[in-house]
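One structure below.
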Amino acid sequence: MSADKETILTVEHVIKRFPVAEGRMLTACDDVSLSLYQGETLGVVGESGCGKSTLVKLIMQLHAPTSGAICYRGEDLTRLTGERMRQSRRHIQMVFQDPSQAFNPKMKIKDILCEPLRNFKLIKDREAGKKAEELLCMVELPEEFADRYPGNMSGGQRQRIGIARALALEPEILVCDEATSALDVSVQKKIIELLVRIQREKNLSMIFICHDLALVSQISHRIAVMYLGNIVEVLAGDVLSEAKHPYTKALLQAVFPVKKKGGTMVRSLEGEIPSPLDLSPGCSFQSRCPESMELCRREKPVLEELWPGHSAACHLLKPQSGKNGI
Amino acid sequence: MLLEVSELSVSYGEREIVRNVNLSLDEGEVLAIVGESGSGKTTVIRAILGCLPHDGRVSGGKILFEGKNLLENTTAEWCRLCGTRATMVFQDSGSILDPIARIGSQFIEYIREHSPLTKKEAAKEAEDMLRKMHLPNQENIMKSYPFELSGGMRQRVGVAMAMVFKPRLLLADEPTSALDVTTQAQVVKEMMEICQQDKTAIIIVTHNIGVAAYMSDKLIVMQAGEIVESGRTDDIIARPQSVYTKELLDAVPQVGGKSYVS
């Protein structure tokens with residue numbers, strides 16, 4: 001399915017370490033590789049602290065990676081500087097988690113929406129009102145909202161403004177960092193429907209960061225599961241329930257489905273997510289994995305393709321041929 | 001009947017936020033209240049425990065707990081009730097803990113406030129409770145400050161504190177909403193286990209309908225300050241009657257549900 005699609009963004013062996021007290025390093029992203037295809041939604045899931053948001057900030061060039069490359073249409077964004085870097089930002093735009101904090105409360109909606117365009121000198125002042133109305137129309141809000149302030153809007157309406165602002169520059173990639181997590185389920189559903197519609201119309205590529213597995217499985221073409229700075233499994237969205245990696249399976253078992261009481265067994269993972277400060281060698285999931293073996297403590301598994309469209313990083317799932325000679 | 005709330009109305013200033021809420025709870029039963037933000041679910045349980053914020057007040061109705069109308073309680077009676085026979089778990093237990101006192105000293109202080117135990121006995125009691133919540137290294141936790149624990153651990157400490165006097169009624173206000181799925185599963189299961197042991201009745205307020213369905217015997221769906229549907233959880237999930245409940249259930253994402261993109 002993805003083979004005939006055009007790759008638009010690749011993340012290649014990106015490592016991000018943050019210095020912390022006493023000269024130690026915190027590894028937030030540990031050798032992450034990903035690719036995003038044109039018109040596709042890539043969901044990224046994982047628990048808090050797994051490095052999802054750091055990955056987004058790296059893609060948005062808000063952090064520079066310690067090593068590795070992030071290529072947009074073949075151009076390594078991490079090597080750009082100055083005006084070329086600024087221009088490159090037009091292609092990747094972001095929707096933030098908390099719509100109440102993402103805007104300047106003293107700016108009118110029409111100024112918020114046209115700010116990105118003004119920044120790149122793509123709009124004249126007299127055109128601003130009309131453009132704002134167009135953008136409002138795209139996110140299904142009434143035109144009168146142009147003269148309002150973000151303070152007197154509901155959470156869902158504000159998130160629509162967030163999406164409209166992100167799309168003002170007509171980017172090719174939209175990054176949503178927990179864009180619906182602060183909303184009620186019914187509002188969330190409407191925002192998702194809006195995003196899916198806009199994606200179809202504009203052939204937009206999306207990276208959708210979320211901790212709700214069920215939601216991610218319903219809106220993503222592909223899903224990347226992260227644990228402790230590593231991508232442990234990549235698979236198609238509609239087959240999430242057939243995940244193979246022990247961590248993904250554990251995550252799935254921890255979701256409470258809307259079913260009759262006692263309709264399903266909900267199992268929880270033992271222990272806490274280890275600190276990313278002192279990572280032990282071997283597999284990142286070894287301390288909580290129910291099936292951990294001696295090999296897992298010695299050697300870190302790499303992300304390998306199990307079959308087309310489904311890869312996992314786990315020693316248990318190694319293809320029988322034993323590529324690495326183990 | 002352990003708790004019986006009839007025709008409860010709550011106002012903040014002049015505005016009536018909750019209208020005509022009726023609910024009842026038997027010993028050991030679990031009731032879940034679901035609804036969107038602003039539907040008044042938290043207000044209902046805060047009214048039951050007499051802790052409405054600011055200018056909130058009960059403007060009508062009755063709250064009978066073990067046969068006594070709580071609305072006629074004196075301050076001294078509230079003090080005897082809250083924290084022992086009726087307790088509450090909040091969304092973020094970190095914010096009820098004193099940030100500059102160790103878990104142990106707060107826990108012991110709390111136990112001794114409500115009982116004649118000595119410091120040593122109270123410490124043992126506290127450690128036993130932490131063990132019951134499956135927290136590892138109870139001694140270490142007793143010596144830790146709240147910020148040294150993860151969100152999930154703090155929440156389990158909150159539940160342990162709420163359950164130490166084997167209350168008849170536990171009110172839980174979004175106890176797992178700030179947690180990851182794996183931690184949420186852990187906290188929910190441990191809370192259920194400990195309440196079943198002590199035959200504690202629970203009212204859980206949540207917007208996670210999956211959690212509500214898993215935990216509760218009875219379910220109440222609220223919208224804009226009123227109950228739109230109430231009954232046995234299984235019945236409502238299987239055959240929702242009101243349009244609003246249907247929409248709400250329909251909006252919940254499900255693993256393996258209809259894909260938006262294929």
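A, B, ... follow the sequence lines: proteins, then strands. Residue 1 opens every chain. Computed from a predicted model, the values in this text were never measured in an experiment.
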Do the ring planes of A:Phe285 and A:Tyr227 sit parallel (below 30°), tilted (30 to 60°) or perpendicular (above 60°)? perpendicular
Could you list the donor-acceptor pairs under 3.5 angstrom formed between side-chain atoms of residues 134-146 of chain B and any protein atom two or more places apart in sequence or on another chain?
unit_1: B:His134; atom_1: NE2; unit_2: B:Glu193; atom_2: OE2; d: 3.3
unit_1: B:Gln138; atom_1: NE2; unit_2: B:Leu135; atom_2: O; d: 3.0
unit_1: B:Ser144; atom_1: OG; unit_2: B:Asn140; atom_2: O; d: 2.7

Contacting region of A:Glu242 [heavy-atom separation from chain B under 4.5 Å]: neither
Does the cation-pi check pass for A:Lys249 over A:Tyr247, that is, NZ or CZ under 6.0 Å from the six-membered ring centre and within 45° of its axis? no
Any idea which of A:Asp238, A:Thr41, A:Leu213, A:Ile192 has the most non-hydrogen atom pairs under 4.5 angstrom with chain B? A:Ile192
When B:Asp26, B:Ile203, B:Leu3, B:Asp217 are each screened for side chain to side chain contact (heavy atoms under 4.5 Å, CB included) with B:Leu31, the one that passes is B:Ile203
In Å and rounded to the nearest 0.5 Å, what is the CD1 to CG distance from B:Ile237 to B:Asp235? 10.0 Å
For the residue pair B:Gln223 and B:Ser39, confirm or rule out a side-chain donor-acceptor distance under 3.5 Å. no
Below 4.5 Å from any heavy atom of chain A, which atoms of B:Glu247 appear? Answer side chain, backbone, both or neither. neither
Below 4.5 Å, heavy-atom pairs only: which of B:Val211, B:Leu179, B:Ile209, B:Leu249 has the largest tally toward chain A? B:Val211
Under the salt bridge (Lys or Arg N to Asp or Glu O under 4.0 Å) criterion, do B:Arg156 and B:Glu190 qualify, and how do the steps go? CA-CA 8 Å; B:Arg156 282 142 90 191; B:Glu190 283 160 4; 3.0 Å; yes
What part of A:Gln199 lies closer than 4.5 angstrom to a heavy atom of chain B: side chain, backbone, both or neither? side chain
Given the options B:Asn208, B:Val261, B:Val255, which has more heavy-atom pairs under 4.5 Å with chain A than any of the others? B:Val261
Top contributor to chain A contacts, counting heavy-atom pairs under 4.5 Å, from B:Ala212, B:Ala185, B:Ser259: B:Ala185
So for B:Ile236, is it side chain, backbone, both, or neither that comes closer than 4.5 Å to the heavy atoms of chain A? neither
Of the non-hydrogen atoms in A:Gly155 and A:Pro99, which two are nearest, and what is the gap between them? O-CG, 3.7 Å
With distance as the sole criterion, is a donor-acceptor pair present between the side chains of A:Asp184 and A:Ser186 under 3.5 Å? no
Between A:Leu252 and chain B, with a heavy-atom cut-off of 4.5 Å, which part of the residue counts as in contact: side chain, backbone, both or neither? side chain
Can you list the residues of residues 172-182 of chain A that sit under 4.5 Å from chain B, counting heavy atoms only? none
Check: B:Asp173 side chain, B:Phe90 main-chain N or O, donor-acceptor pair, under 3.5 Å: no
At a heavy-atom distance under 4.5 Å, which candidate from A:Ser241, A:Ser48, A:Ser220 has the highest pair count against chain B? A:Ser48
Do you know the tightest heavy-atom contact between B:Pro253 and A:Gln188? CG-NE2, 3.4 Å
Side chain, backbone, both or neither: which part of A:Arg288 has an atom under 4.5 Å from a heavy atom of chain B? side chain
Name the member of A:Glu193, A:Glu47, A:Gln218 that forms the most heavy-atom pairs with chain B at distances under 4.5 Å. A:Gln218
Side-chain H-bond candidate by donor/acceptor type, B:Gln91 with B:Ser177, under 3.5 Å: no
Under 4.5 Å from any heavy atom of chain B, what part of A:Leu195 do you find: side chain, backbone, both or neither? neither
